[in-house]
Every structure is written in C-alpha cells, then in structure tokens.
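Remember, it's a predicted structure, so these values are computed and weren't measured experimentally.
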Amino acid sequence: MKLSGTYRRRLQTIVGEVFSYAQLPSVNLIPVEKQNPVYSKTLRMMLGKSESAIAMKARNLGALAYESVPEFVRDLVEEAERREDEGFPATAHLAILFAILTNSRLGNVIGSKIAEKKNHGLLWSQVDFENKLWTIPAMHMKQHRNGNHVVPLSSCALRVLEAMRDSATPRDEVFSRKDGRNVSTSTVGIVIGQLNQRRIERNLPPFTDRSQSLSLGQQIIPTVHGIARSSFRSWVGENSFRDKNGSLMDGDTKRAAAELNLHHLIASTKVEAAYLRSPYLDQRRILSESWGRYCFLLIDPDKYFPLPKDEKRDPKRPFRIARDGLARIWKNNSSSTAETDQRKIFKRLLGKLGFGRNE
C-alpha cells in the first residue's frame with residue numbers, strides 16, 4: 001500500500017514517539033545509545049522524498065502567468081454563479097476574487113492568526129465606501145512595522161463587496177458563512193482544485209505555475225497569494241500606465257505604487273524611509289482600477305455583479321433586504337389563528353430591524 005506524503009509523515013511521527021518512549025530510562029526497553037530507527041538515514045532513503053517535501057523546494061508560492069489571470073477569473077466567477085444557481089453559497093469564490101482584485105494576502109480577507117493575535121479578516125467596519133478605501137490595522141499585516149495598510153478599492157472590488165452586502169450576515173466579517181464561521185484556507189484550496197478539475201473535464205489544461213513547474217519537474221498549482229500578488233507585480237512591470245493628467249507614469253513612480261499596493265517598503269535605507277512621506281494613493285488607485293479591468297477582461301462585470309441604481313449606498317440595505325423577505329412571508333400567510341400569531345412575530349421582527357410600516 002502506497003501512502004501519501006502527509007500520512008507517511010504522520011505515521012513516522014507516531015512510530016518515532018513509540019521508539020522514543022521505549023528508550024526512556026524508566027522504561028528501558030531499547031538502549032539509549034541505539035539510534036531511533038524511524039529517523040535513520042537508511043529508512044529515509046527507502047521511503048524517498050514525499051511530494052510535499054519536493055514541493056517545499058519551491059521558493060515561491062505558486063502563481064499564474066499574468067496572461068492567464070483573466071481566464072482564471074472568468075472560470076472562478078462562472079463557477080460561483082453555477083453554485084449559487086444550485087442553491088450553494090459561493091462565499092469562498094468571492095473571497096478569492098476579492099483577494100486577487102485587492103492584491104491582498106488571503107489571511108487579511110478571510111481571517112488568520114498572526115503572532116497569537118486573532119485576525120478576523122475583512123470587516124465591514126474597515127471599509128470606507130465613500131472614499132473607496134479599506135484600512136487594515138498594522139497588527140494584522142505580515143510586515144506590521146510598515147504601519148496600517150490602506151487599500152484603494154477599484155470599481156470591480158466594490159462590486160464584489162456589493163454582492164456580499166446583498167447576502168450579508170449580521171456579523172461584521174464580510175466573508176462569513178451562514179453558519180457563523182469564516183471561509184477556511186482549506187476551502188480555498190478545494191475551490192482551485194475544482195476549477196482545475198472542470199478544465200480537465202473540458203479537455204483544457206489546468207491552471208499551473210508554468211515557470212516553477214518546469215524548474216522543479218512537477219506540477220505546481222497556483223495559490224491565491226501568488227495570483228493576487230506575484231501575478232499582479234509581473235503585470236505591472238510589463239505594462240505602462242497614465243496618471244490622472246494623462247501623462248505617462250514614470251518607472252520609479254509605477255514601482256513605488258505597485259510595492260505600496262503590496263504593503264512593501266519602497267525606501268532602501270532607514271534615512272530614505274524617514275524622509276519619504278508620499279503615500280502615492282492616486283497612482284495606486286490607477287493601478288488597482290487598471291488591474292480590476294484586466295482581471296474582468298473576459299467577462300462582463302454588469303452581468304455578474306450589477307451595481308445598485310442609486311449612487312449613494314443605503315447603510316441599512318442588508319436589513320432592508322431582510323425586512324422585505326419577512327414582509328413577503330407575512331403577506332403570504334392566511335388569516336388562521338396560528339398564522340395570525342406568526343404575523344405578529346414577523347411584525348415585531350420588522351420593528352427590531354428599525355423599519356416602520358411606512359418606510
């Protein structure tokens with residue numbers, strides 16, 4: 001029986017602990033001077049390297065050639081639409097899309113635990129819809145010494161947030177599921193695997209990191225981190241952009257804006273960092289907006305993420321949607337005694353949501 005790398009590693013650990021216990025002076029079943037056979041060089045040679053150990057030789061997380069990003073986004077959005085049509089949530093799909101559009105680390109979108117400090121991911125309270133900004137606290141960033149990370153939100157990223165607001169749960173976490181939990185990283189990996197499986201079923205090549213796959217001699221699957229950040233950085237380096245005055249953005253400005261979008265330092269020395277104060281926010285907006293349009297190159301955003309007609313967003317819109325749903329149930333009830341009681345309950349719920357009968 002052939003064991004996968006994960007199970008092989010677990011089995012080695014368990015058996016190794018058994019032998020280590022047998023070597024304890026109080027047990028004294030195996031002489032202490034004898035080497036633990038589980039960790040012997042001979043056994044390692046017999047087992048060979050696991051797939052995960054080979055994959056760890058990759059210096060970078062798997063990414064996509066930036067030319068393949070629009071195709072990936074198209075497949076991701078279409079898969080999300082298919083799931084919703086079948087009655088399943090597509091929260092993980094939208095979280096992946098939002099991370100790609102904002103060049104964010106996945107943990108800042110769906111949550112993670114950094115240095116024993118709980119990061120709940122993207123919160124509604126962190127989003128400034130009026131100024132189209134998302135502010136991530138420094139303590140939740142990998143390079144927390146670089147300060148808070150202010151992310152300019154492109155129109156495409158705002159469309160994703162609008163889609164999440166329409167299906168919002170009462171929690172502050174944006175990408176939380178209906179059961180109250182956030183999307184997990186394992187779910188994100190499953191989504192990418194499903195996208196590749198569907199491509200194989202259609203006789204299309206799966207999404208892979210072609211560069212690393214060739215250098216390592218095995219298939220490296222792209223990660224959200226790699227697509228959102230490495231693919232974006234390569235795309236910026238290969239393209240030209242114009243500022244809001246129509247002038248061509250120079251190379252230094254373009255590099256600084258791209259690095260700041262990734263929350264990287266752009267100063268080479270501490271002295272330079274002390275005098276560098278420009279946040280390059282306007283230039284970063286241009287890059288983010290252009291990147292969003294490029295990601296949606298093969299699909300129409302209006303088809304999948306239509307914007308509301310009113311320009312000014314209603315902050316109570318999620319509650320208004322819940323109110324309308326309750327009102328529909330109330331209206332469809334008949335006038336029997338039991339159902340009249342239900343109507344009273346619905347009426348009280350509407351009141352608790354902060355809406356009067358005339359609103």
Would you indicate whether [X], at its atom [atom1], is surrounded by more than 12 heavy atoms from other residues, nucleotides or ligands within a distance under 6.0 Å?
{"X": "Asp302", "atom1": "CG", "value": "yes"}
{"X": "Arg74", "atom1": "CZ", "value": "yes"}
{"X": "Glu201", "atom1": "CD", "value": "yes"}

* Cationic N near anionic O, under 4.0 Å, Glu86 to Arg82 ->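 Salt bridge: yes.
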* Do Glu81 and Lys303 meet the salt-bridge criterion of a basic N to acidic O distance under 4.0 Å? ->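 No, this pair does not count.
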Quick check for you: to the nearest 0.5 Å, what is the distance between [X] atom [atom1] and [Y] atom [atom2]?
{"X": "Asn261", "Y": "Gln283", "atom1": "CG", "atom2": "CD", "value": "10.5 Å"}
{"X": "Leu287", "Y": "Arg233", "atom1": "CG", "atom2": "CZ", "value": "9.0 Å"}
{"X": "Glu79", "Y": "Ile192", "atom1": "CD", "atom2": "CD1", "value": "12.5 Å"}
{"X": "Lys244", "Y": "Asp282", "atom1": "NZ", "atom2": "CG", "value": "4.0 Å"}
{"X": "Gln197", "Y": "Ile190", "atom1": "CD", "atom2": "CD1", "value": "13.0 Å"}
{"X": "Met164", "Y": "Leu161", "atom1": "CE", "atom2": "CG", "value": "8.5 Å"}

* Between Trp291 and Phe296, is the gap from one ring center to the other below 6.0 Å? ->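 Judged by ring-centre distance (under 6.0 Å), Trp291 and Phe296 do not meet the cut-off.
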Any side-chain to backbone donor/acceptor pair from [X] onto [Y]? Under 3.5 Å, distance only.
{"X": "Asn108", "Y": "His140", "value": "yes"}
{"X": "Ser288", "Y": "Arg285", "value": "no"}
{"X": "His263", "Y": "Gly147", "value": "yes"}
{"X": "Asn131", "Y": "Leu133", "value": "no"}
{"X": "Lys254", "Y": "Ser240", "value": "no"}
{"X": "Asn196", "Y": "Pro206", "value": "no"}
{"X": "Thr187", "Y": "Val183", "value": "no"}
{"X": "Tyr304", "Y": "Ala80", "value": "no"}

Same cluster or not: are [X] and [Y] linked, directly or through other Ile, Leu, Val, Met, Phe, Trp or Tyr residues, by side-chain heavy atoms under 4.5 angstrom apart?
{"X": "Leu204", "Y": "Ile220", "value": "no"}
{"X": "Leu123", "Y": "Val174", "value": "no"}
{"X": "Leu297", "Y": "Leu76", "value": "yes"}

Cut-off 3.5 Å, side chains only: do [X] and [Y] have a donor facing an acceptor?
{"X": "Gln218", "Y": "Ser213", "answer": "no"}
{"X": "Asn103", "Y": "Arg229", "answer": "no"}
{"X": "Asp128", "Y": "Thr135", "answer": "no"}
{"X": "Ser231", "Y": "Ser234", "answer": "no"}

[Y] and [X], any side-chain heavy atoms less than 4.5 Å apart:
{"X": "Asn146", "Y": "Met141", "answer": "no"}
{"X": "Pro152", "Y": "Glu289", "answer": "no"}
{"X": "Ile100", "Y": "Cys295", "answer": "yes"}
{"X": "Tyr66", "Y": "Glu238", "answer": "yes"}
{"X": "Ile96", "Y": "Val109", "answer": "no"}
{"X": "Leu64", "Y": "Asp209", "answer": "no"}

* To do: Any chance you could lay out the ring pair (Phe, Tyr, Trp, His ring centres under 6.0 Å) test for Phe175 and Trp124, step after step, and finish with the verdict?
  => CA-CA 10 Å; Phe175 295 101; Trp124 290 115; 8.1 Å; no
* To do: Could you check His93 against Val191 for side chain to side chain contact (heavy atoms under 4.5 Å, CB included), going step by step and ending with a plain yes or no?
  => CA-CA 7 Å; His93 300 69; Val191 169; 3.7 Å; yes
* Sort out for me which residue in Arg199, Arg198, Gln194 forms a side chain to side chain donor-acceptor pair (under 3.5 Å) with Asp75. =>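 It is Arg199, the one option of Arg199, Arg198, Gln194 that forms the side chain to side chain donor-acceptor pair (under 3.5 Å) with Asp75.
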